[in-house]
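Heads up: the structure comes next, in structure tokens.
Below, chain A is the first sequence line, B the second, and so on; all start at residue 1.
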Amino acid sequence: MELYLRDVCKTYKGRNAGHDSTASFCMENVNFNLLPGKVTLVTGCSGSGKSTLLSILCGLLRPDSGKVFYGGDSIYDLDGHGLALLRNAKFGIVPQKCLLMSSLTVRENVMLPALYAGKNEKKVADKCGDLLSCLDIGSLSGRYPGELSGGEMRRVCIARAMINEPEYIFADEPTNDLDENGKKRVLSLLRESAWLGAGVLIVSHDPYAVSYADIKYGMNGGRLL
Amino acid sequence: MNVKLKLALASLKHNTARTFYLTVLISVICFSVFVGETVTSGLCGGMESLKKRLGADIIVIPSGKNRQQNFEGILLGGKPGFFYMPNSVLAEISRIDGVEMVTAQFYLASLTADCCSTELQIMGFDPDSDFIVMPWLTKSYAKKLQPGEVIAGSDVFVPKTGIIKIYNQDIKVVGSMDKTGTGLDFTVFGNTDTVKLMLRSAQKLGVSATDADPDRVVSSVMIKVRDGFDKSDIVNTINRTVAGVQAFENRDMVISFTSRLNHMTLMIKSLVAFICVLAMIMVIFVFSVMLNERKNEFGVLKIMGFTVRSLLAVVFCELVFICAAGSLTGVVMAAVWSLSFKSFLESELGVPFLFDGYESFLLHAGVTAAAGTVLSLLLLLPFVLKVLSVPTDAVMRE
Ligand SMILES: Nc1ncnc2c1ncn2[C@@H]1O[C@H](COP(=O)(O)OP(=O)(O)O)[C@@H](O)[C@H]1O
Ligand SMILES: [Mg+2]
């Protein structure tokens, strides 16, 4: 199903929003379609609004005005429950900050969204094993997040985002903390999912990602170019 | 297993120290509440039972401040005592208008010496006129007490033979009473004649502190006032006209005990409240630190599509576990403490103390544990709700 933004505006106010209150960040009338089966890359310097765009698109940040449509429904008109279920079933999100459950092992972390969705544990475990070895962290499956490096954590987050075979994958700076080999594996995996039908959004300031993208946007000061 | 329960257990297990601190803090609260409850209810129980046993309207004892202290020592427990006044006061008092019934009592204290089995309070009553002791004594022994026979309070040690030695007299214990929580538990009761016999024997042995002729003295006079007469008037008349005695209303004595009791319970309650407040502040502190550390984890769960209700379920499971474990340990430890210090409380506190029956003790324990669980949950849930309302977007940023 289609996912797109229409006339989305978002303004941040308050003490985090730049140097003074007039210089607050804003995103005006953004229109954007995320296409299934394609890798869409949004680049731009830090602070240009990439993460904001991604958050709005995946149902985590309500825009001030404008709508986000998924399959013809405006997702922010769903209640919190419906939106959460949509995220769980259809979206895979890789946050810019690597967040893992510290009390669960790598394997348990990756499997969690699928088990929460009520999927068969055996099948989920198989899929998890595949993803981990694909990302070259198969040997870490029994470790706790506290025992991982930044790059390893990022790959766990990516595996977790893909465990439910989502329709859309949102990856915020997925190549951060990774070496060349890691970047290659992550980006190829995202590329493959797009070939298999998923709509992939990669938000990154890393030029390395460019060659994996079908569609490229630039972002500057809240504007898509 | 349910994913949410699994998450909750994993978090409890992974953060052992945190789980431990919270559990211990909550158990401290429940421990102090339950111990406080046991002690105060024991004090109140003792008071009630004392009131019931003091069936006189007015009590007359020899004058002097020490006498009153002796008398309280006898009633409240732990301090055997005796004092005497001429038995002529009995006739003087019964002549006063409004006095319906009078009866004299005769007190004696035994010694911890060769002549006696143990240190005891001995209380003699006159079976012909008594209306104080016999109504409840007959519950333990229906027959008439013979000379040389006594009924023992519940805490008096009676050997298998049933014979105790008091001033070299062999005294037969024919029955023993229910527990009252008062000094009466350390007292033996017999006819005045029996007690006089003991006193004479003591005098013969040369160990008696008094050389009064047992036949010419009494220790106290108990009065029942006729309906329609003012008790305080009679007290005043006695204090004015009868020499060498002091009279007071039973009620006044109970009131003075009660105020002392209220003092003690207030102290206990404030101590409990202090401990609880301190522990609660620490619980809240530890808990909010923990929640803050976990803001990110809640964010992760939201990102992967956990509904707020599911998040609540996870935290709730953890909380129920911690609160229930804490409350239960606290109450169990308090119960063990109370039971092991039970006899100490009953005998050494110096005030009437009547332990609740085991049934009500267990009920109390159950209620305290349940209330502890529910209240600590209510205490902590608002913090959970506050943290869950933090926007997810905020935790995603670096
Ligand atoms: N919660 C917030 N409150 C205030 N300002 C914010 C908030 N989140 C982001 N910003 C500001 O919005 C701008 C865009 O942020 P972001 O979308 O994270 O940029 P990017 O991902 O491109 O680096 C930045 O200037 C940032 O400081
Ligand atoms: Mg960003």
Would you give the length of the straight line joining atom [atom1] of [X] to atom [atom2] of [Y], rounded to the nearest 0.5 angstrom?
X        : Y        : atom1 : atom2 : answer
A:Ser103 : B:Leu12  : OG    : CG    : 9.0 Å
A:Glu108 : B:Leu7   : CD    : CG    : 9.0 Å
A:Ile93  : B:Lys302 : CD1   : NZ    : 12.5 Å
A:Leu99  : B:Lys295 : CG    : NZ    : 13.0 Å

remark   = Shortest non-hydrogen pair, B:Gly305 vs A:Arg87, comes out as CA-CB, 4.1 Å
message = Show the nearest heavy-atom pair for residues B:Ser310 and A:Tyr116, with the distance to one decimal.
response = OG-OH, 2.5 Å
Let me know if [X] has heavy atoms under 4.5 Å from chain B in its side chain, its backbone, both or neither.
X        : value
A:Leu104 : side chain
A:Arg160 : side chain
A:Ile163 : neither

request  = For the pair A:Asn88 (side chain) and B:Met304 (backbone), establish whether a donor and an acceptor sit closer than 3.5 Å, ignoring hydrogens and angles.
outcome  = yes
Segment of B:Arg294 engaging chain A (4.5 angstrom heavy-atom cut-off) = neither
Can you tell me if [atom1] on [X] sees more than 12 non-hydrogen neighbours from other groups inside 6.0 Å?
X        : atom1 : value
B:Phe285 : CZ    : no
A:Phe69  : CZ    : yes
A:Lys67  : NZ    : no
B:Phe316 : CZ    : no
B:Met290 : CE    : yes

query = Mind checking whether B:His14 and A:Tyr144 have parallel, tilted or perpendicular rings, split at 30° and 60°?
reply = tilted
key: Any side-chain heavy-atom pair of B:Ile303 and A:Leu60 under 4.5 Å   = yes
